Protein chains: 2
Amino acid sequence: MIKRSTAQDVAKAAGVSPTTVSFVLNNIEGMRISPETRDRVLEAARTLNYHPDSSAQKMARGKTSVIGLVLRQNPEKAYADLFIQDVMQGISSVIRENGYQLLFIPLPPEDKEKSYSKLINERHVDGLIVSGPTEDDYELVEAFNDGAKIVLMGKILGSHIPFIDIDNQKSAEMAVAHLAALGHERIGIITNAPLNFASSKDRLQGYRNVLEKNDLPFDEKLVVLGDRTPESGYLAIQELLKVEPLPSAVFIASDTVALGAMNALYENGIHVPDDMAVVGFDDIALARYVIPPLTTIHLPAYSLGLGAANMLIQQINNDFKESSEIILQTRLIIRESSGRNL
Amino acid sequence: MIKRSTAQDVAKAAGVSPTTVSFVLNNIEGMRISPETRDRVLEAARTLNYHPDSSAQKMARGKTSVIGLVLRQNPEKAYADLFIQDVMQGISSVIRENGYQLLFIPLPPEDKEKSYSKLINERHVDGLIVSGPTEDDYELVEAFNDGAKIVLMGKILGSHIPFIDIDNQKSAEMAVAHLAALGHERIGIITNAPLNFASSKDRLQGYRNVLEKNDLPFDEKLVVLGDRTPESGYLAIQELLKVEPLPSAVFIASDTVALGAMNALYENGIHVPDDMAVVGFDDIALARYVIPPLTTIHLPAYSLGLGAANMLIQQINNDFKESSEIILQTRLIIRESSGRNL
DNA sequence: GCGCTTTGCTAAAACGCTTTAGCAATATAA
DNA sequence: TTATATTGCTAAAGCGTTTTAGCAAAGCGC
């Protein structure tokens, strides 16, 4: 194993001090370095294949240049929810630009041992983007109050943690209103996740609002909980199929869950949209390729990631340009799974 | 912002030296610490909410406890290939157990600026799992020869880098042989990725082998390149539909690509499997939920991730139990998309 | 009471960088 | 010519750990 070369080595090779090496390599302004010296250092660094040790830099500079994306889910499910992929793309794009790296952190909700402060205190990360926080994440609030740099995707009521989110309630209303407008009077719902997630609760509320506005009765039996995976949708829709009388449409508050549900419908010989209209939520990349293509709510996942990363970096730099509470617009994408007027 | 507490602070609070703090907290054997002192240190650490600074530990210990998963793809596509999700799960499970963390590193093939050695030399990571290396990744070989700890998922011919892989050629043979056995005589192929990826090339070779074995002619027009995404499949299948005479079956060497292709078939009113039989590759979680459910080659993605992580950790510890070349078994999963005998 | 071992702890160096303060040499101004 | 500014660099401290070497006190055998 060839030994890594250090700033010392470069300094010696170039006949200067490590200080000068640091100045040259970091392009420090205001430090006068003659062009010849600069070239010599650069040359030495290149021939020695020098790369500064990031840990040493962290120590010296007091920052890590790593930001963490924490997914408040089991590791098994963390990667299952497809919309997170677009989010990651958005985050990646700004992060790279600013010289940060992304650390991926699945953090199961039941993991209660001071995980956030651990993450931050151990200086693994400069800041955190937390996706899908639960409603009662006291530890997160505490960490933020202790000075941790945090941006939420979603929100925690009553906290002052900056967040970027969509209007889940209004978006769900759009989805269900579409179904109602098509003439459906008995509409089921499969939630995206358990109800301790704010997004689930809000989407369910949106569903109820539309029923009320259209004088449709609310039937608890038509509410089934999903849990982010196709599997959960596959199971959930079976529950719905047991209900009498059968709904003619279902709003599934997650495309990923909807994929599983649609398969179960197919297996049961129930045709979408003729026998059962379906509207999803998220507009994952695959939604357009499902058979039949899925009517859904377009959630600007890429922008969500982009915005969150921007907010976080601003926060880290104590440089607040934008508002610390951003709500992004969604829109209804009508494809085939919702069918036509009854 | 409440100041982070350091080992110094704990030492002072417990009335001992930082050395003792370190001994207690790391449970160093052979160092005699009285139970009372130990308790005092532990107590102080708890009340001060002490967490060791990971960078400082890295410096002192010379290791980072982070391993990198590098995806040899554009960041845009890195998350699109769904099978990688299962791989990540497998990796995560061993990594957690061993106290490592996962750093996610999309590394575009065109990114030629010494990226691997940069990663390793900057000490961001202790080791690397490289997914889908291209055939001619000299830099990777060089990094390995320089002592970097690397495990490949896939392989590079002629290098001695440990790898874990499947037999792509044989697996593709299974897929195409299934189609041939059903009576198809004109079978197309959409590759999973461009042909500079070893897996693509091998799968194509498997396809050719079966044609030959069954005395079926090889027609270049029936070979279209996919590129890991549903979009690429959507486009690729249209190429195939222009060919005269039309194939009656197609082997799509990636389920993710197949999803897009199947949608295009649907849009063109071509029924799967009656008008066109389809066999995929990977057996992503969704394959079972596609309509119609996808016949495919089950690739043990989880085990792949698990095995790779294990091999890497052994390599890091210079503790070679298992072989450094592992081939995992695949199997054909027959669902509906391949249909019945013609 | 003398040497020897064991116990329980600590001092100090090391890891590889950044950054502040400052110094010598040269250039400029008066 | 002397005072002052500028240029081009470096010494050394500091970041928060781990770890090696070693020291004082206590215990033990004789």
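All values reported here derive from a predicted model rather than from experimental measurement. Letters A, B, ... mirror the listed sequences (proteins, then strands); counts begin at 1.
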Less than 3.5 Å between a donor and an acceptor, one on the side chain of B:Thr19 and one on the base of D:dT19, is that the case here?
-> yes
Taking C:dT10, C:dG16, C:dT20 as options, the one with an atom nearest any side-chain atom of A:Met59 is C:dG16
Please give, in whole Å, the distance from C:dT6 P to B:Met31 CE?
-> 15 Å
Grab the CG-P distance between B:Asn26 and D:dT19 for me, whole Å please.
-> 7 Å
Is the shortest side-chain N/O distance from A:Gln8 to OP1 or OP2 of C:dC17 below 4.0 Å?
-> no
Nearest to the side chain of A:Pro52, which nucleotide is it out of C:dA12, D:dT10, C:dC17?
-> C:dC17
Round to a whole Å and report the spacing from NE2 of A:His51 to P of C:dC17.
-> 12 Å
Hey, could you give me the CG/CZ distance between A:Leu140 and A:Phe144, rounded to the nearest 0.5 Å?
-> 9.5 Å
Interatomic distance, A:Ile28 CD1 vs C:dT20 C1' [rounded to whole Å] | 12 Å
Measure from the side chain of A:Thr20, starting at C-beta and using heavy atoms only, and say which of D:dA11, D:dC9, D:dT18 lies closest.
-> D:dC9
Indicate, with a heavy-atom threshold strictly under 4.0 Å, whether A:Arg32 touches base, sugar-phosphate, or nothing.
-> base
With a non-hydrogen cut-off below 4.0 angstrom, is B:Val16 in contact with a base, only sugar-phosphate, or nothing?
-> sugar-phosphate
Please work out if B:Ser22 contacts a base, only the sugar-phosphate, or nothing of the nucleic acid, heavy-atom cut-off 4.0 Å.
-> base
Applying the side-chain contact (heavy atoms from CB on, under 4.5 Å) test to A:Leu103, which of A:Leu69, A:Ile67, A:Val66 qualifies?
-> A:Val66
Relative to the 5' end of DNA chain D, which residue comes earlier, A:Ala60 or A:Gly15, by the nucleotide with the nearest heavy atom?
-> A:Gly15
d(B:Asp126 CG, B:Ile316 CD1) to nearest 0.5 Å is 5.0 Å
Nearest whole angstrom, please: distance from the P of D:dT17 to the NZ of B:Lys58.
-> 14 Å
Atom-pair distance (CZ on A:Phe23; C1' on D:dT7), nearest Å | 14 Å
Separation of B:Ile33 atom CD1 from D:dT19 atom P, in whole Å?
-> 14 Å
Starting at atom CZ of A:Arg61, determine the distance to atom C1' of D:dG16, rounded to an integer number of angstrom.
-> 17 Å
Should B:Glu43 and B:Arg46 count as an ion pair when the cut-off is N to O under 4.0 Å?
-> yes
Looking only at side-chain N and O atoms, does A:Thr37 come under 4.0 Å of OP1 or OP2 in D:dG8?
-> no
So, B:Ser17 and B:Thr20: side-chain donor and acceptor under 3.5 Å apart, yes or no?
-> yes
What nucleotide among D:dG16, C:dG16, D:dT10 has an atom nearest to a side-chain atom of B:Thr6?
-> D:dG16
